[in-house]
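One structure below.
For the single chain, residues carry numbers from 1 onward in sequence order.
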Amino acid sequence: MIESHPDPALLEQFRRCDLSREEARGVVRHLLTGCSSCQEVTARWWPLGSESDLLYGKVVEFDGTVAGSHDYSGTFHRMSEQLLERKVELAEEQAAIPALRMEFARHPVDRQLVLIRNSRRFQTWSLCESLLADCQAQRPRDPQCAVDLARLALAIASVLDVEYYGESLVQDMKARCSGELAACFCIQERYPEAEKAFAVARSLLALGTGDPIEKAHLQWLEASLRVSQRRFAEAEDLLDRVIRTARRNGESHLLGKALISKGMCSEASGQEEAEIRWIREGVELIDPALEPRLVLVVRHNLILSLVNANRFDEALETLDEARALHHKLGNRVDLIRFGWIEGRVYQGLGRFDEAEELLREAQSKFLDLSRDYDAALVSLDLATLYGSQKRWAEIKVLAQAMLPIFRSKQIHREAIAALLVFRDAVEREQVTLGLVREAVQRIKGAPSLPETAARDETEPPLSGN
């Protein structure tokens, strides 16, 4: 899976059959997406009819029949008569997507699944990819919608014509759909379901083409689950594998995403300086045209990293750029989270009145959206602010309101114990700023219990704590 266009030099090497098996497979998979600009380049090198199944066929298997010499010309010649027909079929398949999606939209999900099972019109690779793209876009906005889209895509992948698309490619697509479904479950904190979906994806990938980039992408998704489960060593191991694969295959966008993920993993395990280093390295590699929202996420988390490292002046310098991105690309919750982190920057700079106004506004807006857990996390920052000003009565109100919310989320018992100690100290009027900070640190660093975590239809790509 090539996430960015191969440069002309790489395509020229492919034409001369000078690429390794893995590199050649990556180029083929990119051409399979129907990329018009790359097809124009290859059309100049090969006479009409010689590209064969590069556009949707069986040459992509690379199962050893041509691996030794990488001489594909014989296969191209044998398949040349099918090229024009395949190009027309591919164009028709892609052109049909808007009408098929409109037809889908008129039915509930259960009926959509029936259409997929019973009508070949819906059993196309292009429609499957279209649904996956929407799944990725909806994941931070509407997690349940993303789950439905992933399930629809998986249903299509499960009935794709293996004779037409190639059996190994179909297994890759099924694995990709299962991985995206797992990522959706992870966002909803449905960790046991995410584990099962990742296991299915790994088993399907083992039956596929062996594309290292497909495997790396799945590992990148799985690393997010491990971070959510506070299994940081496993997450870092997965990300290190992704980084090695991306570097070896020249996948700069995937490399950038993996470095950013490693930075967020470092932050979660208390390594703020390492987080800043990884995020700054990764942001230089990602392609905003491929994932515009990722730029927003990265800028948000970079500011948060600087705040956690007490580098408030640097955080302030990046606020304006991040603000523009949030207003351009963010949704309502993104903007609330941005106000929250802006309040933390001002708090660190000692601009307490501005900080309190922003934090209270974020807390109120989260409550308006029934996002009690997010509101409680904002309350922790307000408690720290009030503690620095010895406003113990207001801390007492916050402590009483926070406990039932955190209990309902079933966070780790040590965090609940810290909150109880904090609340009792407030009741006895023996609270100190040090105690407030310790309680905040323990609670923010605590995982939900995956076996019993309540379902939370939220969007976690942007950290707020």
Side-chain angles (χ1 to χ4, degrees), residues 1 29 109 113 116-117 125 128-129 131-133 135-136 138-140 143-160 162 165-246 254 257-258 261-262 264-265 268 410 447-457 460-461:
M1 182 177 62
R29 288 193 60 77
V109 174
L113 290 169
I116 290 169
R117 286 194 296 268
W125 185 286
C128 186
E129 285 196 324
L131 292 169
L132 275 187
C135 169
Q136 293 166 352
Q138 288 296 328
R139 204 157 58 215
Q144 186 53 48
C145 175
V147 167
D148 292 339
L149 288 165
R151 282 178 164 154
L152 290 170
L154 181 57
I156 293 175
S158 300
V159 293
L160 287 176
V162 296
Y165 295 108
E167 184 172 357
S168 296
L169 266 181
V170 170
Q171 297 295 344
D172 278 0
M173 177 58 83
K174 288 160 65 176
R176 197 186 310 173
C177 294
S178 294
E180 294 295 339
L181 180 60
C184 295
F185 287 148
C186 183
I187 281 185
Q188 293 182 316
E189 298 181 6
R190 296 161 65 177
Y191 299 144
E193 291 168 274
E195 290 277 13
K196 291 178 182 177
F198 275 127
V200 170
R202 288 193 297 270
S203 64
L204 289 167
L205 208 56
L207 302 174
T209 64
D211 186 346
I213 303 304
E214 287 284 0
K215 183 177 181 180
H217 181 72
L218 182 63
Q219 291 170 331
W220 175 71
L221 290 175
E222 189 174 352
S224 297
L225 172 63
R226 302 303 169 217
V227 170
S228 298
Q229 296 170 321
R230 321 301 284 185
R231 293 159 63 175
F232 300 122
E234 294 175 56
E236 289 191 6
D237 178 62
L238 286 166
L239 291 171
D240 285 340
R241 293 188 218 172
V242 176
I243 290 168
R244 288 193 297 270
T245 300
L254 178 59
K257 293 200 297 183
S261 295
K262 184 161 184 175
M264 297 171 70
C265 181
Q410 296 178 291
S448 297
L449 301 179
E451 299 83 7
T452 55
R455 245 179 101 171
D456 183 18
E457 308 290 323

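- Closest non-hydrogen pair, Leu218 versus Gly179, comes out as CD1-CA, 3.7 Å.
- With 3.5 Å as the limit, one finds no donor-acceptor pair spanning the side chains of Glu214 and Gln219.
- By the side chain to side chain contact (heavy atoms under 4.5 Å, CB included) test, Asp240 pairs with Ile243, Arg244, Lys262, sequence neighbours left out.
- Residue Cys184 holds its SG atom at 9.0 Å from CD of Gln136, rounded to the nearest 0.5 Å.
- Of all heavy-atom pairs spanning Ala235 and Ala223, the tightest one is CB-O, 3.7 Å.
- Considering only residues two or more places apart in sequence or on other chains, Glu234 meets the salt bridge (charged side-chain N to carboxylate O under 4.0 Å, His left out) condition with Arg226, Arg231.
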- Could you walk me through whether Glu193 and Gln188 pass the side-chain contact (heavy atoms from CB on, under 4.5 Å) test, one step at a time? CA-CA 10 Å; Glu193 291 168 274; Gln188 293 182 316; over 6 Å; no
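- Taking the charged nitrogens against the carboxylate oxygens, Asp172 and Arg176 have no contact shorter than 4.0 Å, which rules out a salt bridge.
- For the pair Ser228/Glu189, no side-chain contact is recorded, criterion being any heavy-atom separation below 4.5 Å from C-beta on.
- Heavy-atom minimum distance, Ala183 versus Phe198: N-CZ, 4.3 Å.
- In this structure, the side chains of His217 and Glu180 come closer than 4.5 Å at one or more pairs of heavy atoms.
- Of the inter-residue distances, the one linking Leu254 atom CG with Ser261 atom OG reads 9.0 Å to the nearest 0.5 angstrom.
- Annotation: side-chain hydrogen bond (donor to acceptor under 3.5 Å, both in side chains) contacts of Ser178 (sequence neighbours excluded): none.
- A salt bridge does not link Glu222 with Lys215: none of the charged nitrogens is closer than 4.0 Å to a carboxylate oxygen.
- Every side chain to side chain contact (heavy atoms under 4.5 Å, CB included) that Thr245 has, sequence neighbours left out, goes to Pro212, Ile213, Ala216, Arg248, Asn249.
- Between Leu238 and Trp220 the shortest side-chain heavy-atom distance does not fall below 4.5 Å.
- Annotation: side chain to side chain contact (heavy atoms under 4.5 Å, CB included) contacts of Arg117 (sequence neighbours excluded): Leu113, Val114.
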Only distances under 3.5 Å count here; give the side-chain donor-acceptor pairs of residues 145-159 to other protein atoms, sequence neighbours excluded, each with its distance to 0.1 Å.
from	atom 1	to	atom 2	distance (Å)
Asp148	OD1	Gln144	NE2	3.3
Ser158	OG	Leu154	O	2.8

- Message: Using the rule given for side-chain contact (heavy atoms from CB on, under 4.5 Å), can you reason through Leu132 versus Met173, listing the C-alpha separation, both sets of side-chain angles and the distance that settles it, and then say yes or no?
- Response: CA-CA 10 Å; Leu132 275 187; Met173 177 58 83; 3.9 Å; yes
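- The two residues Tyr191 and Leu225 come nearest to each other via the heavy atoms CD2-CD1, 3.6 Å.
- Looking at heavy atoms from C-beta onward, Asp237 lies in side-chain contact with Arg241 at the 4.5 angstrom threshold.
- Nearest heavy-atom pair, Trp125 versus Tyr165, reported as atom, atom and distance to 0.1 Å: N-OH, 3.3 Å.
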